[in-house]
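Here is the structure we will look at, set down as structure tokens.
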Amino acid sequence: MTVEVLFRELCNLNADGQNSVYLRECMPDADFIETPIGGEPYFKDGRPDIIMMGHMSESTQRAVIKKLMPFKSRIEELIDAGTVFLMTGNACEVFCRHISYVTEKTETDALGIFPLDARCDLFDRYNGKQLSVFNGDIKLVGFKSQFSFLFGDNSQFAFAKCERGIGINRESVYEGMRKNNFLGTHLSGPILPLNPLFTEYVMHLAGHGGEAAFREAAMDAYRHHLKEFEDPEVRF
């Protein structure tokens, strides 16, 4: 089992760097490859089982798009072949069509894997909780802290459907994007330690049959969050 963590030295905001830390605990025998922004991605010639990337600054996002653009066809090939991608926070925007940075008065084309466009406004920050349903039966708890929103119709390829909180924008109930085993979501916080059932699902997608690390404690914390997030008195 091989896991490639892309640009962890830069893509680690909102505690997203802890997703790979937790996954190491879940899969202690797996090989973890941390590719720096100045390095060549392992996936260029190799076939990792899981590729991960987390939340980043806006300037880093533009650098990441520039870095990954030459590998677009390879990324599409891996998605079509069923490689697991877990893109959290604004990492998911890298795979959209276009990003407008309103405050900075600049814009860039992204990889164009999904027919969605992002709009980033540094004077319009959203912070909130989210309770959503993934794959029809796994409830997800998480947090969002973002300056950007996605626009377009993702209802046919959404990552999850929101029960509380917002989707890709304030008017949407559909969160993120999915294609085969590509999983993209603005949820951070980080998503894997907060959601042990989802973590096990991701591991199983990649062919690993183990359980989430520290499962009893993780499930206790998950149930506690779930009870809180389902409480109608709790503000979102």
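Scope of the values below: all heavy atoms of this structure, side chains included, with no hydrogens, waters or symmetry mates.
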I'd like a table of donor-acceptor pairs (distance under 3.5 Å, sequence neighbours excluded) in which one partner is a side-chain atom from residues 66-73, with atom names and distances.
| unit_1 | atom_1 | unit_2 | atom_2 | d |
| --- | --- | --- | --- | --- |
| Lys67 | NZ | Ile37 | O | 3.3 |
| Lys67 | NZ | Gly39 | O | 2.6 |
| Lys72 | NZ | Leu111 | O | 3.0 |

Sequence neighbours excluded and cut-off under 3.5 Å, please list the side-chain donor-acceptor pairs for residues 210-222, or say none.
| unit_1 | atom_1 | unit_2 | atom_2 | d |
| --- | --- | --- | --- | --- |
| Arg215 | NE | Glu200 | OE2 | 2.6 |
| Arg215 | NH2 | Glu200 | OE1 | 3.2 |
| Asp220 | OD1 | Arg223 | NH2 | 3.0 |
| Tyr222 | OH | Lys139 | O | 2.6 |

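Considering every non-hydrogen atom in both Leu150 and Cys96, the closest pair reads CD2-SG, 3.8 Å. Across Phe43 and Arg74, no two heavy atoms sit closer than the pair O-NE, 2.8 Å. Closest of all the heavy-atom pairs between Leu131 and Glu230 is CD2-CG, 3.6 Å. Of all the heavy atoms in Arg47 and Gly82, the pair that sits closest is NH2-C, 4.1 Å. Across all their heavy atoms, Gln18 and Pro193 have their closest contact at O-CG, 4.2 Å. Across all their heavy atoms, Glu107 and Tyr101 have their closest contact at CA-CD1, 4.2 Å.
The CG atom of Asp80 lies 12.0 Å from the CD1 atom of Ile75; values are rounded to the nearest 0.5 Å. The CG atom of Asp117 lies 15.5 Å from the CZ atom of Phe149; values are rounded to the nearest 0.5 Å. Rounding to the nearest 0.5 Å places OG1 of Thr83 at 10.0 Å from CD1 of Ile50. Of the inter-residue distances, the one linking Met87 atom CE with Thr185 atom OG1 reads 12.5 Å to the nearest 0.5 angstrom. Note that CD of Glu175 is 8.5 Å distant from CD1 of Ile168, once rounded to the nearest 0.5 Å. Put simply, CZ on Arg170 and OH on Tyr126 are 8.0 Å apart, with the number rounded to the nearest 0.5 Å.
The shortest distance between side-chain heavy atoms of His208 and Asp49 does not fall below 4.5 Å. In this structure, Leu116 and Asn154 have side chains that are in contact, with non-hydrogen atoms separated by less than 4.5 Å. Considering only heavy atoms from C-beta on, Leu187 stays 4.5 Å or farther from Phe134 through its side chain. Glu76 has its side chain within reach of Ile113: a pair of non-hydrogen atoms, C-beta onward, lies under 4.5 Å apart. Looking at heavy atoms from C-beta onward, Val133 lies out of side-chain contact with Leu140 at the 4.5 angstrom threshold. In this structure the side chain of Arg97 never reaches within 4.5 angstrom of the side chain of Asp109, judged on heavy atoms. By the 4.5 Å heavy-atom criterion applied to side chains, Val5 and Ile33 are not counted as neighbours.
For Thr35, the side chain to side chain donor-acceptor pair (under 3.5 Å) test picks out Glu4, with sequence neighbours left out. Arg125 pairs by the side-chain contact (heavy atoms from CB on, under 4.5 Å) definition with Asn127, Ser145, Phe147, not counting sequence neighbours. Looking at residues two or more places apart in sequence or on another chain, you find no side chain to side chain donor-acceptor pair (under 3.5 Å) involving Arg119.
Tested against Phe85 for a ring-ring contact (aromatic ring centres under 6.0 Å, His included), the candidates Phe159, Phe182, Phe114 yield a single pass: Phe182.
No donor-acceptor distance shorter than 3.5 angstrom exists from the side chain of Asp31 to the backbone of Met1, with no hydrogens or angles considered. No donor-acceptor pair under 3.5 Å is formed between the side chain of Asn169 and the backbone N or O of Phe151. Panel note: side chain Ser132, backbone Glu163; no donor-acceptor pair is recorded below 3.5 Å. In this structure, Arg164 contributes its side chain and Asp231 its backbone to a donor-acceptor pair below 3.5 Å. In terms of modelled atom types and a separation under 3.5 Å, the side chain of Gln146 and the main chain of Ser148 share a donor-acceptor contact. Not one N or O on the side chain of Ser188 forms a donor-acceptor pair closer than 3.5 Å with the backbone of Pro190. Without hydrogens or angle criteria, Lys144 side chain to Ile166 main chain gives a donor-acceptor distance under 3.5 Å. Proximity of a side-chain donor or acceptor of Asn14 to a complementary backbone N or O of Asp16 within less than 3.5 Å is not detected. Using modelled atom types, one side-chain atom of Thr199 and one backbone atom of Leu192 make a donor-acceptor pair closer than 3.5 Å. In this structure a side-chain-to-backbone donor-acceptor pair under 3.5 Å is present from Gln61 to Asn90.
Criterion: ILVMFWY side-chain heavy atoms under 4.5 Å apart, direct or through other members. Under it, Leu205 and Met203 are part of a common hydrophobic cluster. Tyr174 and Phe95 fall into different hydrophobic clusters, defined by Ile, Leu, Val, Met, Phe, Trp and Tyr side-chain heavy atoms under 4.5 Å apart, directly or through other members. A continuous path of hydrophobic side-chain contacts links Ile79 to Phe157 [ILVMFWY only; heavy atoms under 4.5 Å]. Connection of Met56 to Val102 is not established within any shared hydrophobic cluster, with ILVMFWY side chains joined at heavy-atom distances below 4.5 Å, either directly or through further cluster members. Hydrophobic clustering, with ILVMFWY side chains joined whenever heavy atoms are under 4.5 angstrom apart, groups Leu78 together with Ile65.
In this structure, Arg235 places its CZ atom where only 12 or fewer heavy-atom neighbours from other residues, nucleotides or ligands lie under 6.0 Å away. Within 6.0 Å of NE2 on His224 lie no more than 12 heavy atoms contributed by other residues, nucleotides or ligands.
Note on ring orientation: taking the six-membered ring where Trp is involved, the planes of Phe229 and His225 are perpendicular (angle over 60°, cut-offs 30° and 60°).
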Assess the residue pair Leu194 and Phe143 against the criterion (side chain to side chain contact (heavy atoms under 4.5 Å, CB included)); give the C-alpha distance rounded to whole Å, side-chain angles, the decisive distance to 0.1 Å, and a yes or no.
CA-CA 10 Å; Leu194 285 172; Phe143 303 92; 3.9 Å; yes

Decide yes or no on side chain to side chain donor-acceptor pair (under 3.5 Å) for Gln130 and His186, but give the supporting numbers first.
CA-CA 10 Å; Gln130 189 186 71; His186 272 106; over 6 Å; no

Could you walk me through whether Val64 and Met53 pass side chain to side chain contact (heavy atoms under 4.5 Å, CB included), step by step?
CA-CA 10 Å; Val64 165; Met53 186 164 61; 3.8 Å; yes

What's the verdict on side chain to side chain contact (heavy atoms under 4.5 Å, CB included) for Met52 and Leu6, showing C-alpha distance, side-chain angles and the deciding distance?
CA-CA 6 Å; Met52 307 174 67; Leu6 295 176; over 6 Å; no

Apply side chain to side chain contact (heavy atoms under 4.5 Å, CB included) to Leu183 and Phe198, showing your working.
CA-CA 11 Å; Leu183 308 171; Phe198 174 69; 4.0 Å; yes

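A side-chain hydrogen bond (donor to acceptor under 3.5 Å, both in side chains) check over residues 19-29, counting only residues at least two apart or in different chains, returns the pairs Arg8-Ser20, Arg24-Glu34.
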